**Student:** 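Can you read through this structure? Questions will come right after.
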There are 2 protein chains.
Amino acid sequence: MEFGQIRRSEQLPARIAAQIARDITEGRIRPGEKLPTEHFLAKALGVSRSVVREAIAQLRNEGLVETRQGVGAFVTEPHARPIRIEQDDLANRQSFRDLFQLRVPLEIEAAGLAALHHTPDDLQRIDEALASMSGAEKWTAEGIVADLAFHRAVAAATGNEYFAVFIGFIAERISLAINAARAAAVLEEIVEVTIKEHVVLRDAIASRDPRRAREAMKMHLLGAARRLDLTLESY
Amino acid sequence: MEFGQIRRSEQLPARIAAQIARDITEGRIRPGEKLPTEHFLAKALGVSRSVVREAIAQLRNEGLVETRQGVGAFVTEPHARPIRIEQDDLANRQSFRDLFQLRVPLEIEAAGLAALHHTPDDLQRIDEALASMSGAEKWTAEGIVADLAFHRAVAAATGNEYFAVFIGFIAERISLAINAARAAAVLEEIVEVTIKEHVVLRDAIASRDPRRAREAMKMHLLGAARRLDLTLESY
DNA sequence: CATATAAGGTTATCAGACAACCTTACAATG
DNA sequence: CATTGTAAGGTTGTCTGATAACCTTATATG
């Protein structure tokens, strides 16, 4: 039983912002159109105007609307939005598999780059993460942190800032989804295999042979997919 | 002189949010640390608490902080945040190259999956993007939109929601950065080569041969990198 | 026709109050 | 002594009401 994972209910501004955002992204309010006034929204939604303002501030920050004092809030033309993946998004198996599948080529490439570019500091960080993982007796929060740290250390060793950002982002969400879906005891047998594969990967990176590192990462991820009962294409 | 383009002075919440965000991203307030209380910030900054709250709502929406009622606002871990890449971020060549390098394995994998999974609708959308691109006389906004549409259509044909999300995000940022960095005339000669490579890729996907599709995407992207004077590792 | 002013409406900010929640300290109980 | 309950103090979340700043439209004036 894992405490500290209880979700707090969302606050009013966030809920209202999400609802308006949905209306926008689903085309019910189109670019150039004006949102109802703050006063109207407050009345219609049964909240204070402050809450509406905070929601609109969020939408403005996301670039979904722009406000003109004295006139109103207008929906902007669609443009690039950040990538977000909430824990709820990965509750269904298909989405989880999709993200895992995305992870594979990224981390294989990262392994190859890490073999080419790692520094002694990078290797030390990889080793520290490995050591933390060996110490974890079970697939507990510590083990998850160590597994994440290992993958992040590999990504950082690529010397490419965006591999570090994207892999850190993806690996964390996958780990959290696994943790949310599994009882700790079930994962215990997986840890030993994972550590072995991590060691092989570490050694491959240290050998500065990118082909070997890529192969080791591929084996590790395909093994992880199998252990998670995920079917991925192979060719 | 462009009227209607005059920048409105930023509102107080946006300015305060930006300042706090700077303090966070520049390490003056670290992950896990608590922000000063709303009351304190309002007094220190000489604004009302509502303004502070709107600013914090923005930061919360950006994922930079999380708030706990009765306790305070805390800076989140970097990997808990959404992925954002602003156009400014790609103004320096190293960052642009890093993102391009990240793009390569993703789109190669996407080509393979698209070869396996595409539907007739997917293929039609790829063809429509190709047709739009052939019609563009120059590397104009239309050409950029068509190029993006092509890559997005390929990503959508994977049948994997996250390939679509991530590749769409990355390809768009790269296209915008290229557009910002180049005069239109300089890119004109690139268009013809790009179209040829797109056609080869399209045919490879349609053939349902993932190896051939991957090879075609690899050639296209490595060619694009060469044309952009980017040096990528090969192995 | 052009310019100035007034009126009405909307967003931006301010101030103050109370609700809900959290943390800490202290008292009561077994 | 350990555990449970309660009170106090502080913080965020929401509400109410007011004024400032801005925008648009209508009307008056030269």
Side-chain angles (χ1 to χ4, degrees), chain A residues 3-21 23-24 29-76, chain B residues 2-21 23-24 29-76 80:
Chain A
F3 293 107
Q5 298 284 345
I6 300 178
R7 252 180 91 81
R8 297 181 188 280
S9 63
E10 265 189 323
Q11 290 126 1
L12 289 178
R15 284 162 55 188
I16 289 167
Q19 183 177 332
I20 295 175
D23 287 344
I24 293 172
I29 321 177
R30 279 168 305 200
E33 280 184 3
K34 192 169 92 52
L35 296 196
T37 63
E38 296 173 355
H39 180 75
F40 176 88
L41 285 172
K43 283 217 144 196
L45 299 170
V47 299
S48 80
R49 203 180 130 216
S50 298
V51 170
V52 171
R53 286 196 55 76
E54 285 189 29
I56 289 176
Q58 294 186 26
L59 295 170
R60 190 168 53 215
N61 184 263
E62 281 183 51
L64 281 180
V65 305
E66 64 186 358
T67 54
R68 289 167 61 198
Q69 182 171 343
V71 190
F74 296 84
V75 178
T76 58
Chain B
E2 189 76 15
F3 292 109
Q5 296 286 342
I6 297 177
R7 221 174 126 82
R8 299 182 189 276
S9 66
E10 267 191 322
Q11 290 125 0
L12 289 178
R15 284 161 59 186
I16 290 166
Q19 182 177 331
I20 296 175
D23 286 344
I24 292 173
I29 321 177
R30 279 167 305 198
E33 281 183 1
K34 189 169 94 53
L35 296 195
T37 65
E38 296 172 356
H39 180 74
F40 176 88
L41 285 171
K43 284 221 143 187
L45 300 170
V47 298
S48 81
R49 201 182 134 212
S50 297
V51 171
V52 171
R53 286 196 55 77
E54 286 189 32
I56 289 176
Q58 294 186 26
L59 294 171
R60 191 166 54 214
N61 184 262
E62 285 182 43
L64 282 180
V65 305
E66 63 186 358
T67 54
R68 289 169 57 199
Q69 182 172 342
V71 190
F74 296 84
V75 178
T76 59

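Atoms considered below: every heavy atom in the structure, side chains included; atoms not considered: hydrogens, waters and symmetry mates. Residue numbers start from 1 in every chain, and the chains themselves are labelled A, B, ... in the order their sequence lines are given, proteins ahead of strands. The structure displayed is predicted, hence computed values, not measured ones.
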**Student:** Is there a donor-acceptor pair closer than 3.5 Å between any side-chain N or O of A:Thr76 and the backbone N or O of A:Glu66?
**Tutor:**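 Checked: no pair found.
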
**Student:** D:dT12 phosphate, OP1 or OP2: any side-chain N/O from B:Arg53 under 4.0 angstrom?
**Tutor:**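 No, because none of the side-chain N or O atoms of B:Arg53 sits under 4.0 Å from OP1 or OP2 of D:dT12.
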
**Student:** Separation of B:Phe40 atom CZ from D:dG10 atom C1', in whole Å?
**Tutor:**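 About 16 Å, once rounded to whole Å.
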
**Student:** To the closest 0.5 Å, what do you measure between CD1 (B:Ile16) and CZ (B:Arg53)?
**Tutor:**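 Spacing of CD1 (B:Ile16) from CZ (B:Arg53) equals 13.5 Å.
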
**Student:** For a quick test of reading the model, state the closest non-hydrogen atom pair linking A:Val75 to A:Arg30 and the distance between them.
**Tutor:**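 Looking at all heavy atoms of both residues, the closest pair is CB-O, 3.5 Å.
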
**Student:** In whole angstrom, what separates B:Phe74's CZ from D:dT11's C1'?
**Tutor:**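 After rounding, the gap between these two atoms is 10 Å.
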
**Student:** From the list C:dT11, C:dA12, D:dT14, which nucleotide is the closest neighbour of the side chain of A:Arg60?
**Tutor:**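 Out of C:dT11, C:dA12, D:dT14, the nucleotide with an atom closest to A:Arg60's side chain is C:dA12.
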
**Student:** With heavy atoms under 4.0 Å as the rule, sort A:Ile56 into base, sugar-phosphate or nothing.
**Tutor:**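 Nothing, no nucleic acid heavy atom in range.
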
**Student:** Give the rounded distance in Å between these two atoms: NE2 of B:His39 and C1' of C:dC14.
**Tutor:**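 After rounding, the gap between these two atoms is 15 Å.
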
**Student:** Between the base of C:dA12 and the side chain of A:Arg49, is there a donor and acceptor pair under 3.5 angstrom?
**Tutor:**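 Pair found.
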
**Student:** If every non-hydrogen atom of A:Arg60 is compared with every non-hydrogen atom of A:Thr67, which pair is closest and at what distance?
**Tutor:**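 Closest approach of A:Arg60 to A:Thr67, heavy atoms only: NH1-OG1, 3.0 Å.
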
**Student:** Name the closest nucleotide to the A:Val71 side chain, picking from D:dC23, D:dT14, C:dA12.
**Tutor:**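 That would be D:dC23.
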
**Student:** Using whole Å, report how far CG of B:Leu12 lies from P of D:dC22.
**Tutor:**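 The answer, rounded to whole Å, is 12 Å.
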
**Student:** Can you check whether A:Arg68 has a side-chain N or O nearer than 4.0 Å to OP1 or OP2 of C:dA12?
**Tutor:**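 The answer is no; no side-chain N or O of A:Arg68 sits under 4.0 Å from OP1 or OP2.
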
**Student:** Within this structure, what is the CZ-to-C1' distance between B:Arg15 and C:dT13, rounded to whole angstrom?
**Tutor:**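 Spelled out: CZ on B:Arg15 to C1' on C:dT13 is 13 Å.
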
**Student:** As a test of reading the structure: which of C:dA12, D:dC15, D:dT12 is closest to the side chain of A:Ser48, going by heavy atoms?
**Tutor:**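 From the listed options, D:dC15 comes nearest.
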
**Student:** Given atom NZ of B:Lys34 and atom C1' of D:dT12, what is their separation to the nearest angstrom?
**Tutor:**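 Rounded to whole Å, this separation is 10 Å.
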
**Student:** Which pair of heavy atoms, one from B:Gly72 and one from B:Lys34, lies closest together, and at what distance?
**Tutor:**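 The pair with the smallest heavy-atom distance is CA-CD, 4.2 Å.
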
**Student:** Let's test your reading of the model: under 3.5 Å, does the base of C:dA20 pair with the side chain of B:Gln69 as donor and acceptor?
**Tutor:**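 Flag set: donor-acceptor pair detected.
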
**Student:** Please figure out whether A:Ser50 or B:Gly70 has its closest DNA chain C nucleotide nearer the 5' end.
**Tutor:**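 So the residue in question is A:Ser50.
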
**Student:** C:dA12, OP1 or OP2 - any side-chain N/O from A:Thr67 closer than 4.0 Å?
**Tutor:**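 Yes.
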
**Student:** When the distance from CD of A:Gln11 to P of D:dT11 is rounded to whole Å, what number comes out?
**Tutor:**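 About 18 Å, once rounded to whole Å.
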
**Student:** A:Leu41 CG to D:dT14 P: how many Å, rounded?
**Tutor:**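 For the pair A:Leu41 CG and D:dT14 P, the rounded distance is 16 Å.
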
